[in-house]
2 protein chains.
Amino acid sequence: MAHVQKTTRNGQAPLTKDMILRAAVTIVDEQGLQALTIRKVADALGVYPTAINWHIGSKDQLVADASGLIFEALRLPDDKAHEWQDWLRLTAASFRESMHKHPNFAVVVGTQLYTSLPALPFVERVLRILNDNGLKGDGLLRAYNSYVGCLIGWVSLELSSTSSVAFDEKAQMHVLSNLDERLYTAVAKNLPTVANKAFIIRWDNGTTNPMNDSFEFMMDSVINGIARSMKSFKS
Amino acid sequence: MAHVQKTTRNGQAPLTKDMILRAAVTIVDEQGLQALTIRKVADALGVYPTAINWHIGSKDQLVADASGLIFEALRLPDDKAHEWQDWLRLTAASFRESMHKHPNFAVVVGTQLYTSLPALPFVERVLRILNDNGLKGDGLLRAYNSYVGCLIGWVSLELSSTSSVAFDEKAQMHVLSNLDERLYTAVAKNLPTVANKAFIIRWDNGTTNPMNDSFEFMMDSVINGIARSMKSFKS
DNA sequence: ACCTGAACACCGTTCAAGT
DNA sequence: ACCTGAACACCGTTCAAGT
């Protein structure tokens with residue numbers, strides 16, 4: 001019962017789900033998430049739009065499956081080779097690196113946070129290392145949600161980009177420089193240190209303006225919080 | 001030069017930006033973000049779609065302006081009345097509460113994180129209280145980005161919902177219960193404590209399934225991290 | 001099983017025209 | 001200034017038809 005390769009599509013190799021998803025990722029990487037349409041994917045592969053529907057199902061499923069590839073590309077460090085704190089730090093850095101390679105998927109990875117099979121190894125490994133270090137029950141749940149939520153949520157924000165409504169740098173700085181100094185004392189006073197570097201008052205996103213320092217500080221805080229909860233658990 | 005009220009639209013009061021945004025918020029709250037279209041807003045107000053374009057500009061701008069209303073509704077506690085830790089905790093709770101009232105905007109508030117005027121008071125107050133407690137320069141930036149990024153990113157994840165691709169509970173549990181136990185030991189072992197409660201392995205979002213405990217734990221960790229950085233700053 | 005092809009309802013935005 | 005009205009290019013999805 002060997003599977004004989006069919007040759008539809010005028011003798012070309014038949015479409016596969018993998019071909020479709022790779023084409024989708026390319027479009028998102030090059031043109032942004034809003035440019036991802038079934039029709040464009042079909043064009044890129046030289047087929048009719050409805051052929052995509054046959055393989056994938058719907059547009060929503062296409063987005064979900066394509067963003068799953070990012071979790072699949074994720075390489076996790078070895079448990080045995082590191083202290084749990086370092087393992088969490090390395091894993092966070094690895095996840096952030098993967099996201100930075102496909103920044104236009106950032107919004108979706110946050111949204112698509114439901115039992116996706118490609119993400120399960122990540123879930124398992126994080127749960128396991130916390131579990132192996134004494135956490136269980138509600139303490140485990142808190143630690144896991146704290147780590148995963150901050151990691152994915154924070155990086156997703158770092159890379160978020162406003163489709164097209166964003167002002168340019170000059171307009172942005174003009175607004176910030178002309179604020180009422182009596183109302184916005186702290187913003188005015190610290191403008192050089194926060195302008196285009198702090199959330200909500202920047203115009204370049206994490207692709208061109210990565211926030212490495214803040215990310216490391218944030219992760220240290222979260223991991224320290226987990227460490228403290230482990231101690232109180234043992235006593 | 002008093003502004004005489006015009007009566008276009010067959011004698012009805014003229015459209016205002018505020019009417020349009022309120023109609024938009026209603027649609028998003030009731031039908032989800034993907035249901036927000038210029039044409040539906042126009043229908044709700046009894047005008048032609050292009051009338052919306054005249055007042056707002058574009059679809060992207062409509063989404064941006066409508067999500068700005070959430071920041072405007074935000075009530076911030078008094079600086080003088082609380083220790084800075086409590087102020088940050090109360091503000092976080094207040095922000096989270098606002099988001100939970102409009103969960104369908106969660107994705108966008110994360111995305112729209114660029115100098116938006118409605119969010120500036122929030123920015124100012126957070127910067128100010130950190131500044132008043134000794135933080136400046138890079139230390140201030142780290143603390144601010146850590147707090148704001150975790151707050152908005154985390155809550156945004158808590159409320160995120162997969163448009164329609166999501167499985168139902170039965171299908172979800174079936175997948176989780178039949179995992180290879182040799183590969184997914186930690187998931188299998190802790191299934192009762194994490195199923196539908198932990199990120200990535202839940203099927204209800206924060207609206208029906210709020211993650212209060214994890215949120216408080218996460219916020220405490222972040223605030224403790226900031227406190228530690230203040231001490232090392234002084235010494 | 002896999003893909004074509006036509007058709008449908010919907011979308012954002014343009015531009016000219018009205019008042 | 002404010003809105004109508006028609007028009008255009010684009011979209012996801014259906015369903016029947018081909019091979």
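Just the heavy atoms: all of them, side chains too, but no hydrogens, waters or symmetry mates, feed the values below. Protein chains get the first letters and strands the later ones, always in sequence-line order, with residue 1 at the start of each.
- Per the geometry, CD1 belonging to Ile20(A) stands 11 Å off C1' belonging to dC3(C), to the nearest Å.
- Side-chain proximity of Pro14(B) to the nucleotides dC11(C), dC3(D), dT4(C) is greatest for dC3(D).
- Taking the charged nitrogens against the carboxylate oxygens, Arg22(A) and Asp18(A) do have a contact shorter than 4.0 Å, which makes a salt bridge.
- With hydrogens and angles ignored, the 3.5 Å screen pairs no side-chain donor or acceptor of Thr91(A) with any backbone N or O of Leu88(A).
- A donor-acceptor contact under 3.5 Å is not formed by the side chain of Thr50(B) with the base of dG12(C).
- One distance of note links CH2 of Trp154(A) with CE of Met219(A); it measures 9.5 Å at 0.5 Å rounding.
- Straight-line distance from the CD1 atom of Ile52(B) to the P atom of dT14(C): 15 Å, rounded to whole Å.
- Comparing Arg39(A) and Trp54(A) by the nucleotide of DNA chain C whose heavy atom lies nearest to each, the residue mapping closer to the 5' end is Trp54(A).
- Nucleotide dG12(D) forms a pair with dC8(C), judged by Watson-Crick or G-U wobble geometry with both contacts under 3.5 Å.
- For dA1(C), the OP1/OP2 oxygens have no side-chain nitrogen or oxygen of His55(A) closer than 4.0 Å.
- In this structure, CG of Asn53(A) is placed 13 Å from P of dC3(C), rounded to the nearest angstrom.
- Pair check for dA1(C) finds dT19(D); Watson-Crick or G-U wobble, both atom distances under 3.5 Å.
- You won't find any donor-acceptor pair under 3.5 Å spanning the side chain of Thr37(B) and the base of dG12(C), going by distance alone.
- In this structure, Gln34(B) atom CD and dG12(D) atom P are separated by 14 Å, rounded to whole Å.
- Across the protein-nucleic acid pair, Lys59(B) atom NZ and dC11(C) atom P stand 9 Å apart, rounded to whole Å.
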Please determine whether side-chain hydrogen bond (donor to acceptor under 3.5 Å, both in side chains) holds for the pair Thr185(B) and Glu124(A), giving the CA-CA distance in whole Å, both sets of side-chain angles, and the decisive distance to 0.1 Å. CA-CA 7 Å; Thr185(B) 49; Glu124(A) 163 68 18; 3.1 Å; yes
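- Rounded to whole Å, atom P of dC11(D) lies 10 Å from atom CD1 of Ile27(A).
- Put simply, CG on Asp60(B) is 16 Å from P on dC11(C), counting in whole angstrom units.
- Taken from NZ in Lys59(B) to CD1 in Ile52(B), the straight-line distance is 12.5 Å, to the nearest 0.5 Å.
- Distances shown here put every side-chain N or O of Tyr48(A) at or beyond 4.0 Å from the OP1 or OP2 atom of dC3(C).
- Ile38(A) places its CD1 atom 14 Å from the P atom of dT4(C), with the value rounded to the nearest Å.
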